[in-house]
Visitor: 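First the structure, then my questions, so here it is.
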2 protein chains.
Amino acid sequence: MVEKQYGCPVEVTLDVIGGKWKCVILWWLRRGARRFNELIQLIPGISRKVLTAQLRQLETDGLIHRQAFQVSPPRVEYSLTVYGETLRPITELMCDWGKVHAPEFRFGVIYLRSLRVLVIATDLTSQRIEGELGEFRDANVTVASLMTALENWSQIRPEVVIVDFALDEDFSPLRPQLETSAEDPQASIPAIALVANSQHRERALAQGFQIQLMEPVEIPELVAEIANLTGRLD
Amino acid sequence: MVEKQYGCPVEVTLDVIGGKWKCVILWWLRRGARRFNELIQLIPGISRKVLTAQLRQLETDGLIHRQAFQVSPPRVEYSLTVYGETLRPITELMCDWGKVHAPEFRFGVIYLRSLRVLVIATDLTSQRIEGELGEFRDANVTVASLMTALENWSQIRPEVVIVDFALDEDFSPLRPQLETSAEDPQASIPAIALVANSQHRERALAQGFQIQLMEPVEIPELVAEIANLTGRLD
DNA sequence: TTCAATAGTTACCAAGTTGTTACCGACAGA
DNA sequence: TCTGTCGGTAACAACTTGGTAACTATTGAA
């Protein structure tokens, strides 16, 4: 085979992440593993065949890892390899540019029809989440302080709780309330912790939050996480 | 028209710089204007038609500016707009990634057959330039100190001179030598200044260097500049 | 037994992108 | 007058990418 001639290093990078979908897939994988059908939901317009093809290419290029679990129904998870992580700065920059230069667009195609979401966060974060989830995703968002939330729990009846560790509060009083949901006494209410550093991360872990998202969180990711937790990915 | 639905901000960016060529074009324009035929030479594999189409798209997206000069033969220059500049971090990152992750490839398709190049630079820079230009581009590279160069000027007979302002020397003693070339007494010898900061830049300007390249310089760019200056773009 | 769910594969076709070739028009120089 | 250069355009060809539909394998549940 003739060795390919490159005119500049950019062409090398484009060989690996060029095309319509690869950067988008890498972006969705950048915080952790995603399942095949999850990606189908998250990436509007992609077909199964094309997603398969792109994932295979990324895999043979060593950027992502495919892990199949022998369960029923089958479960396949894709995640970035260490090599794939090296491309993260690029996808992050592309994400930032897109946000800055297309504020007129809203992102995401997943709707949270009337889902009751409780947000306990700083004013700025609350505003952002309430605006995006309430206005665009059709969620039923309640913003409250920890105390107010606990007092009015039976009125709010949250199906998902988002707490912001930037508030520097002890959220363990929430735990009894989260352990049984109003609808299904067997199930617990999913809770998402927003963390900004490793101290937050540790405290969130200690206070029983399994799901954590690094701030500043991208709304499409937050919605994906909520949809995942509440089984609304369909 | 239906407003396009985006799943994440990366897709917005890809709408603008997606495709096989746009990032490469932006990369070549990132340090200044380039002519149409220059780009044809610099980007291996692109056809006139496709280059035209890509440039038009970049222009209508507001990323580049097209300036036509009413001379014969025609002259058209493309350069980044202020808006296009905002994408530079992305192309730079893609360039860096390509360099790091494909050290086995060499870049550029332009050869400098036996061109006599004199390099007056720090050891590191000299090595890099000598290695790349000598081994891969077929140039005839001489590395020397300013003093040695001046003493042996008639043996070296440089057709291009590259001086590195990181040496912190006064290069004005070169000027008389540069003013008339050995081949053509009418012409002067083109000289390229490598600068690393604005102080270097000012000193280079004061000492009469019109062509300056910011360090760390990309070899394909340096070669393009040399080819330009010596009329070897063919 | 049949159905449903996940995560695909295969065949075939459509659409979009990219590439090739030929040519244009103005002017410069031989 | 002839030829060459620059920066294109037009018509068409080829290649790549994407879409649809049908099919597969596994397992658990109804």
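Remember, it's a predicted structure, so these values are computed and weren't measured experimentally. Residue numbering restarts at 1 for every chain, and letters A, B, ... go by the order of the sequence lines. Computation of the quantities below employed the complete heavy-atom set of this structure, encompassing side-chain atoms and omitting hydrogens, waters and symmetry-equivalent molecules.
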Visitor: In whole angstroms, how far is the P atom of C:dA28 from the CZ atom of B:F69?
Guide: 18 Å
Visitor: With sequence neighbours excluded, what pairs up with A:Q212 under the side chain to side chain contact (heavy atoms under 4.5 Å, CB included) test?
Guide: A:A193, A:V195, A:R201, A:A204, A:L205
Visitor: Whole angstrom is fine here: how far is it from CG in A:L39 over to P in C:dT6?
Guide: 14 Å
Visitor: Looking for any heavy atom pair under 4.0 Å, which part of the strands does A:G45 touch: base, sugar-phosphate only, or nothing?
Guide: sugar-phosphate
Visitor: Holding to side chain to side chain contact (heavy atoms under 4.5 Å, CB included), I want the full list of residues that pass it with B:I46, two or more places apart in sequence or in another chain.
Guide: B:W21, B:I40, B:I43, B:V50, B:L51
Visitor: Roughly, in whole Å, what's the span from NZ in A:K22 to C1' in D:dT16?
Guide: 12 Å
Visitor: Send over the distance from A:R34 CZ to C:dA7 P, rounded to a whole Å.
Guide: 14 Å
Visitor: Quick one: A:I43 CD1 to D:dT17 P, roughly how many Å, whole number?
Guide: 17 Å
Visitor: Quick one: A:I46 CD1 to D:dT17 P, roughly how many Å, whole number?
Guide: 13 Å
Visitor: Classify the ring geometry of A:F165 against A:H200: parallel below 30°, tilted from 30° to 60°, perpendicular beyond 60°.
Guide: tilted
Visitor: Using a heavy-atom cut-off of 4.0 Å across all strands, would you classify B:Q54 as base, sugar-phosphate, or nothing?
Guide: sugar-phosphate
Visitor: Spell out protein contact along nucleotides 3-14 of chain D as letters: B when the base is contacted, S when just the sugar-phosphate is, - when no protein heavy atom is under 4.0 Å; keep the 5' to 3' order.
Guide: --BBBBB-BB--
Visitor: Do any pairs count as a ring-ring contact (aromatic ring centres under 6.0 Å, His included) and have a residue in residues 25-44 of chain B, sequence neighbours left out, and if so which ones?
Guide: none
Visitor: Give a yes/no on whether any side-chain N or O of A:W21 is located under 4.0 angstrom from OP1 or OP2 of D:dG18.
Guide: yes
Visitor: Please give, in whole Å, the distance from D:dT16 C1' to A:D15 CG?
Guide: 14 Å
Visitor: Which pairs count as salt bridge (Lys or Arg N to Asp or Glu O under 4.0 Å) when at least one residue sits in residues 67-79 of chain B, sequence neighbours excluded?
Guide: B:R75-B:E77
Visitor: Go through the structure and list residues passing salt bridge (charged side-chain N to carboxylate O under 4.0 Å, His left out) with A:E85, not counting sequence neighbours.
Guide: A:R88
Visitor: Nearest-Å distance, CD (A:Q41) to P (C:dA5)?
Guide: 13 Å
Visitor: What are the two closest heavy atoms between A:R137 and A:I219, and how far apart are they?
Guide: NH2-CG2, 4.0 Å
